[in-house]
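Heads up: the structure comes next, in structure tokens.
Quick note on labels: first sequence line is chain A, next is B, and so on, each numbered from 1. Reckoned from all heavy atoms, side chains included, excluding hydrogens, waters and symmetry mates. Only a predicted model underlies this, so the values are computations on that prediction, with no experimental measurement involved.
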Amino acid sequence: MSFLADLRWRGLLHQTTDDTGLEAWLEAEPRTVYAGFDPTADSLHVGSLLGLLVLRRFQQAGHKPIALVGGATGMIGDPSGKSHERNLLSQEDLERNVAGLAEQMRQFLDFDAGGAILVNNLDWTGSWSYLEFLRDVGKNFSVNVMLAKDSVKSRLGQPGAATTGDGMSYTEFSYMLLQAYDFVHLHQHYGCQLQAGGSDQWGNITAGIDLGRRMHGAPLYGLTWPLLTKSDGTKMGKTEHGAIWLDPQRTSPYQFFQYWINTDDADVGGCLRMLTELEPAEIEDLDAARAENPGQRTSQRRLATELTRLVHGAEGLAVAQQATEIFFGAEIADLDDTQLGQIFADVPSQQLPRGRLLDGSLTIVDALVQVGLAKSKGDARRTVQQGGAYVNNRRVAAIDTVLSPQHLASTSTMVLRSGKKKYALLQFAS
RNA sequence: GGGGGGAUACCGAAGCGGUCAAACGGGACAGACUGUAAAUCUGUUGGCUCAUGCCUUCGGAGGUUCGAAUCCUCCUCCCCCCA
């Protein structure tokens with residue numbers, strides 16, 4: 001199977017600018033391909049992961065990927081796929097974000113000699129004067145054509161557009177020119193002839209191709225992947241608590257792992273194809289196993305395992321798996337304070353003096369209230385009486401249980417739980 | 001400006017002198033079942049030293065009464081109709 005055929009099989013091809021020629025062009029020799037990433041935050045999230053993984057596939061197939069961080073375009077704000085004008089980021093935020101993204105990208109792409117290249121479009125855009133830009137770049141754009149792009153149409157609320165839109169500023173209107181010029185610049189300096197992006201980037205990509213042809217007669221290609229959406233139409237990688245980030249400080253490996261474990265049956269096949277590097281045969285086996293026995297959830301487990309390892313490494317995966325075992329019932333034993341701290345990184349904790357454990361003054365009811373698992377003693381009592389109170393994942397049934405050092409999970413930590421999922425730590429300082 | 005209706009616990013909504021910590025539904029919480037799904041079933045759902053005990057709650061402030069969410073007065077806010 002050719003590289004492009006593999007992308008197509010995985011559902012990663014939404015559109016290309018040359019459906020007939022691109023395949024042969026890519027097979028002929030190693031090519032240089034670029035994709036851009038917006039520095040809207042100091043970490044990538046699941047949405048941008050897809051793009052990085054596509055670049056990674058290009059690299060693995062012997063091509064040369066360029067990851068572009070939009071230090072310049074990030075100052076403007078891409079209107080594509082956005083229904084509202086965006087707030088501008090401050091210079092300091094941008095710099096921090098660019099640095100954060102660059103660091104994360106190293107995990108996915110090999111930037112060593114001759115490998116992938118990391119560029120920041122601020123490096124060639126920052127020194128331009130407005131007049132120069134208008135003469136050299138702006139002159140090549142027809143406003144009529146720009147107005148016809150989806151990203152603009154939807155914001156202007158024109159007939160036939162998907163949304164009514166609330167207008168857009170001249171600043172955002174100009175975004176397309178900057179991104180178009182990026183492509184031309186990368187072609188001139190790095191021999192890049194292919195830009196890849198999410199399907200919402202189609203307008204910007206074709207703008208770059210047009211500009212390349214006008215300025216240099218360059219033959220450029222474009223390719224888009226579909227946006228990651230779930231079967232219910234919502235965006236992949238978003239939860240009610242916000243986005244799923246790649247930065248373990250923002251989204252712990254456990255939460256990351258859990259997000260994928262909870263993938264709907266209807267979505268997991270697509271995710272395996274688009275996000276993992278498993279062979280087609282293996283993915284088809286998983287499809288078959290899922291159809292046979294969906295309750296087994298081997299697909300979800302495999303997806304979560306692969307992605308967590310890819311993003312957080314073997315170590316992060318181990319913590320996530322250990323945390324999963326514990327959060328779903330395994331009794332907590334033989335762990336030290338550090339391990340508990342890692343596993344329960346997302347869980348609230350409270351400190352109490354060690355004396356409370358020794359003098360027999362801390363009942364299970366008091367402890368539940370203390371850590372916030374119950375909002376009153378009556379509530380705590382109810383929880384215990386209904387069999388919903390656990391210490392170190394062992395049910396505490398007696399209402400008058402007094403906590404003592406033997407209830408500690410490690411030297412100084414006790415793990416309290418109410419119901420199936422709500423955990424809190426109680427730490428006893430000496 | 002005139003007339004009418006209303007404000008109840010997280011939300012909706014009963015209650016209209018004692019048997020009201022307040023029906024019922026939703027939500028939430030806990031349990032069972034289950035695929036860490038969906039559905040279903042059971043229990044709980046003001047606070048306290050958990051007891052047919054006390055305290056705080058029915059828009060706010062007063063009053064009548066042995067006793068008020070329930071009656072009266074004033075105030076605040078909301079809705080409807082007529083000007």
Side-chain angles (χ1 to χ4, degrees), chain A residues 46 229-234 236-241 244 251-272 285-308 312 316-332 343-348 356 359-403 415-424:
Chain A
V46 163
T229 53
K230 294 196 270 192
S231 50
D232 62 8
T234 57
M236 202 79 207
K238 295 262 193 240
T239 68
E240 59 268 40
H241 308 298
I244 300 292
T251 300
S252 70
Y254 167 73
Q255 288 173 323
F256 185 86
F257 185 83
Q258 283 297 315
Y259 180 78
W260 300 108
I261 280 280
N262 284 312
T263 308
D264 279 0
D265 290 352
D267 299 323
V268 71
C271 286
L272 282 168
D285 284 349
L286 286 167
D287 287 345
R290 190 168 64 255
E292 179 80 12
N293 183 356
Q296 200 81 31
R297 290 154 42 89
T298 39
S299 296
Q300 280 89 341
R301 278 175 228 286
R302 196 59 202 272
L303 176 67
T305 304
E306 290 296 319
L307 288 181
T308 308
H312 296 294
L317 174 63
V319 172
Q321 285 178 323
Q322 197 174 24
T324 294
E325 264 181 51
I326 284 174
F327 278 116
F328 289 90
E331 196 167 303
I332 297 164
I343 292 169
F344 291 95
D346 309 318
V347 155
R356 293 294 306 276
D359 62 15
S361 67
L362 188 68
T363 64
I364 180 68
V365 168
D366 293 329
L368 287 173
V369 174
Q370 176 71 33
V371 298
L373 289 178
K375 58 181 196 288
S376 69
K377 289 192 180 183
D379 191 22
R381 206 169 277 122
R382 216 172 285 135
T383 303
V384 177
Q385 280 164 347
Q386 290 176 144
Y390 300 80
V391 172
N392 304 330
N393 271 350
R394 194 182 307 158
R395 179 174 282 170
V396 174
I399 188 73
D400 52 1
T401 302
V402 173
L403 297 177
V415 182
L416 296 173
R417 172 181 144 207
S418 148
K420 286 188 173 62
K421 288 185 178 162
K422 285 186 313 198
Y423 282 84

So what's [N] paired with, Watson-Crick or G-U wobble, going by both distances under 3.5 Å?
| N | value |
| --- | --- |
| B/rU64 | none |
| B/rA9 | none |
| B/rG1 | B/rC82 |
| B/rG35 | none |
| B/rU19 | none |
| B/rG27 | B/rU45 |
| B/rU57 | none |

Could you tell me how far apart [X] ([atom1]) and [N] ([atom2]) are, to the nearest whole angstrom?
| X | N | atom1 | atom2 | value |
| --- | --- | --- | --- | --- |
| A/Asp379 | B/rC10 | CG | P | 14 Å |
| A/Ile399 | B/rU44 | CD1 | C1' | 13 Å |
| A/Gln296 | B/rU34 | CD | P | 15 Å |
| A/Arg417 | B/rU36 | CZ | P | 13 Å |
| A/Arg297 | B/rA38 | CZ | P | 11 Å |
| A/Arg382 | B/rG31 | CZ | P | 14 Å |
| A/Asp267 | B/rG35 | CG | P | 21 Å |
| A/Asp265 | B/rA37 | CG | P | 12 Å |

Report yes if at least one side-chain N or O of [X] is closer than 4.0 Å to OP1 or OP2 of [N]; otherwise report no.
| X | N | value |
| --- | --- | --- |
| A/Lys377 | B/rU49 | yes |
| A/Ser376 | B/rG46 | no |
| A/Thr383 | B/rC29 | no |
| A/Tyr390 | B/rA30 | no |

| Relative to the 5' end of RNA chain B, which residue comes earlier, A/Ala389 or A/Gln258, by the nucleotide with the nearest heavy atom? | A/Ala389

| request: Between A/Lys375 and A/Tyr254, just flag the one whose closest nucleotide in RNA chain B comes earlier from the 5' side. | output: A/Tyr254

| field | Rounded distance [0.5 Å steps], CG in A/Asp285 versus CD in A/Glu292 | value | 12.5 Å

| request: Measure the spacing between CG of A/Asp346 and OG of A/Ser252 and express it to the nearest 0.5 Å. | output: 3.5 Å

Please report the distance separating the [atom1] of [N] from the corresponding atom of [M], rounded so that it comes out in whole Å.
| N | M | atom1 | answer |
| --- | --- | --- | --- |
| B/rA39 | B/rG6 | P | 38 Å |
| B/rC72 | B/rG2 | C1' | 24 Å |
| B/rG25 | B/rU34 | P | 27 Å |
| B/rA13 | B/rG27 | C1' | 14 Å |
| B/rU19 | B/rG35 | P | 49 Å |
| B/rG18 | B/rA69 | P | 10 Å |
| B/rU42 | B/rC24 | P | 14 Å |
| B/rA23 | B/rU76 | C1' | 29 Å |

Side chains of [X] and [Y], heavy atoms from C-beta outward: is any pair under 4.5 Å?
| X | Y | result |
| --- | --- | --- |
| A/Val415 | A/Asn393 | no |
| A/Thr324 | A/Gln258 | yes |
| A/Leu416 | A/Leu373 | yes |

| note | Winner on side-chain proximity to A/Lys422, out of B/rA32, B/rA30, B/rU36, is B/rA30

| task | Could you label the plane-to-plane angle of the A/Tyr423 and A/Phe344 rings as parallel, tilted or perpendicular, counting under 30° as parallel and over 60° as perpendicular? | result | tilted

With a non-hydrogen cut-off below 4.0 angstrom, is [X] in contact with a base, only sugar-phosphate, or nothing?
| X | answer |
| --- | --- |
| A/Arg290 | nothing |
| A/Gly295 | base |
| A/Gly378 | base |
| A/Ser418 | sugar-phosphate |

| A/Ser299 and A/Arg290: which non-hydrogen atoms are nearest, and at how many Å? | OG-NH1, 2.7 Å

| said: With hydrogens left out and only the distance checked, is there a donor-acceptor pair under 3.5 Å joining A/Gln385's side chain and the base of B/rU44? | reply: no

| Side-chain-base donor-acceptor pair under 3.5 Å for A/Gln386 and B/rG31 | no

| request: Look at A/Asp366 together with A/Lys377 and state whether they make a salt bridge at an N to O cut-off of under 4.0 Å. | output: yes

